[in-house]
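Okay, structure first, notes after.
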Amino acid sequence: MELYSGYINKLIDELASLPGIGEKSAQRLAFYIINMPRDRVARLANTLTEARDNVRYCRECFTLTDRECCPICENPHRNHRLIMVVENPRDLAAYEKTGKYEGVYHVLHGCISPMLGIGPGDIRLKELMVRLESDIEEVIIATNSSLEGETTAMYISKLVKPTGIRVTRIASGVPVGGDLENIDEVTLLRALEGRVEL
Ligand code: ZN
C-alpha cells in the first residue's frame with residue numbers, strides 16, 4: 001500500500017537522493033515544500049535550474065563561478081605564483097574567510113580514494129600540472145588530513161617535485177579526519193604558516 005501520494009513519494013525519493021539527506025529529513029522537507037505558497041515553490045525550482053545552468057568551473061582554478069574566470073584568479077593583486085591545492089570549493093571558501101592568504105587556488109574536486117575507486121584521473125590533477133608549466137614558485141597542498149587527503153598530498157608532491165617547484169603541506173594542527181571547512185580561522189592560519197617542505 002502506498003503510504004503517501006505518488007507525487008509525494010517521488011519528491012521524497014528525489015530529496016533523499018541528495019547527499020546528507022536521510023529518509024526522515026527528506027520526508028520533513030517534502031511536507032514542508034507541499035505546504036509552501038505556490039510562488040515560493042516556483043522560485044525555489046527556478047533557483048535550482050538557474051544555478052545549474054549558470055554556474056561553471058573557473059578555467060584557471062576550477063572553483064565554481066558565474067564567469068569564465070573567478071574573481072580570485074582575475075585579481076591582479078593576488079600572488080599568481082603561489083597555488084594552494086584544496087579538495088573542494090568549500091575549503092577554498094574557508095581559507096578565503098581568513099582574509100590572510102594572498103595566493104591563488106587549485107580545486108581538485110575530490111581526492112584520491114582507492115577504497116571508493118577514485119583515482120588520480122578522476123580529480124583535477126592534469127589541470128594542475130598544466131598550470132605548473134607557467135612561472136610558479138610554490139604549491140601548497142591543503143588537502144584534508146584524512147587518509148585520502150594524505151594519499152592525495154603524497155601523490156601530488158611526487159608529481160610536482162621533478163618540476164623543481166617548491167612543494168609544501170599545511171601543518172597538521174588540523175584534527176585528523178577533520179574537514180577543512182569546519183576548522184576555525186586561527187587553526188587554518190596556523191596550519192598555513194606552519195607548512196612544511198615535502
Ligand atoms: Zn579561479
Side-chain angles (χ1 to χ4, degrees), residues 1-75 78 83-99 101 103-128 130-131 142-144 146 148-149 152 174 177-185 188:
M1 189 189 77
E2 291 258 316
L3 225 43
Y4 309 124
S5 93
Y7 288 109
I8 291 218
N9 282 334
K10 210 171 146 191
L11 181 56
I12 293 171
D13 285 348
E14 284 294 341
L15 292 167
S17 72
L18 299 171
I21 306 216
E23 189 69 25
K24 271 200 182 140
S25 301
Q27 284 184 14
R28 198 158 34 82
L29 286 171
F31 290 126
Y32 183 83
I33 291 167
I34 296 300
N35 286 304
M36 269 162 62
R38 207 195 166 282
D39 62 324
R40 267 198 68 199
V41 178
R43 204 165 65 210
L44 175 63
N46 194 34
T47 306
L48 292 173
T49 317
E50 253 179 13
R52 180 61 188 83
D53 287 348
N54 293 296
V55 176
R56 57 173 104 178
Y57 295 115
C58 167
R59 63 152 190 241
E60 288 288 318
C61 73
F62 295 92
T63 194
L64 297 172
T65 175
D66 295 351
R67 294 181 284 181
E68 210 177 313
C69 206
C70 79
I72 298 169
C73 290
E74 260 181 356
N75 186 345
R78 305 287 294 229
I83 297 180
M84 183 193 287
V85 181
V86 292
E87 288 181 21
N88 55 55
R90 287 168 297 152
D91 293 342
L92 179 155
Y95 262 101
E96 267 314 276
K97 258 190 243 155
T98 68
Y101 175 65
V104 292
Y105 298 89
H106 187 85
V107 183
L108 293 172
H109 292 281
C111 54
I112 299 170
S113 171
M115 282 242 297
L116 297 173
I118 303 168
D122 300 315
I123 57 176
R124 302 276 187 176
L125 264 179
K126 264 199 310 281
E127 291 85 348
L128 173 66
V130 171
R131 291 180 76 186
T143 50
N144 292 329
S146 59
E148 290 83 5
T152 310
V174 179
D179 272 5
L180 272 184
E181 56 170 331
N182 296 325
I183 291 155
D184 68 278
E185 292 174 18
L188 279 180

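Computed from a predicted structure; not experimentally measured.
- Heavy atoms only, all atoms of each residue included: I12 and A30 are closest at CG1-CB, 3.6 Å.
- Formation of a donor-acceptor pair under 3.5 Å by the H106 side chain with backbone atoms of E127 is not found in this model.
- V86 places none of its side-chain heavy atoms less than 4.5 Å from the side chain of L108.
- For Y105 against C61, the heavy-atom pair with the smallest separation is O-CB, 3.0 Å.
- How far NE2 of H109 is from CD1 of I123: 10.5 Å, rounded to the nearest 0.5 Å.
- Panel note: side chain N54, backbone E50; a donor-acceptor pair is recorded below 3.5 Å.
- Judged by the 6.0 Å distance and 45° axis criteria, R131 is not positioned over the aromatic ring of F62.
- Between I72 and T63, every side-chain heavy-atom pair lies at or beyond the 4.5 Å cut-off.
- The closest side-chain heavy-atom distance from I118 to C111 is not below 4.5 Å.
- The backbone N or O of A94 lies less than 3.5 Å from no partner atom in the side chain of T98, so there is not a single donor-acceptor pair.
- In this structure, T152 contributes its side chain and I112 its backbone to a donor-acceptor pair below 3.5 Å.
- Take E60 and apply the salt bridge (Lys or Arg N to Asp or Glu O under 4.0 Å) test, not counting sequence neighbours, and it matches no residue.
- R67 has its side chain within reach of E74: a pair of non-hydrogen atoms, C-beta onward, lies under 4.5 Å apart.
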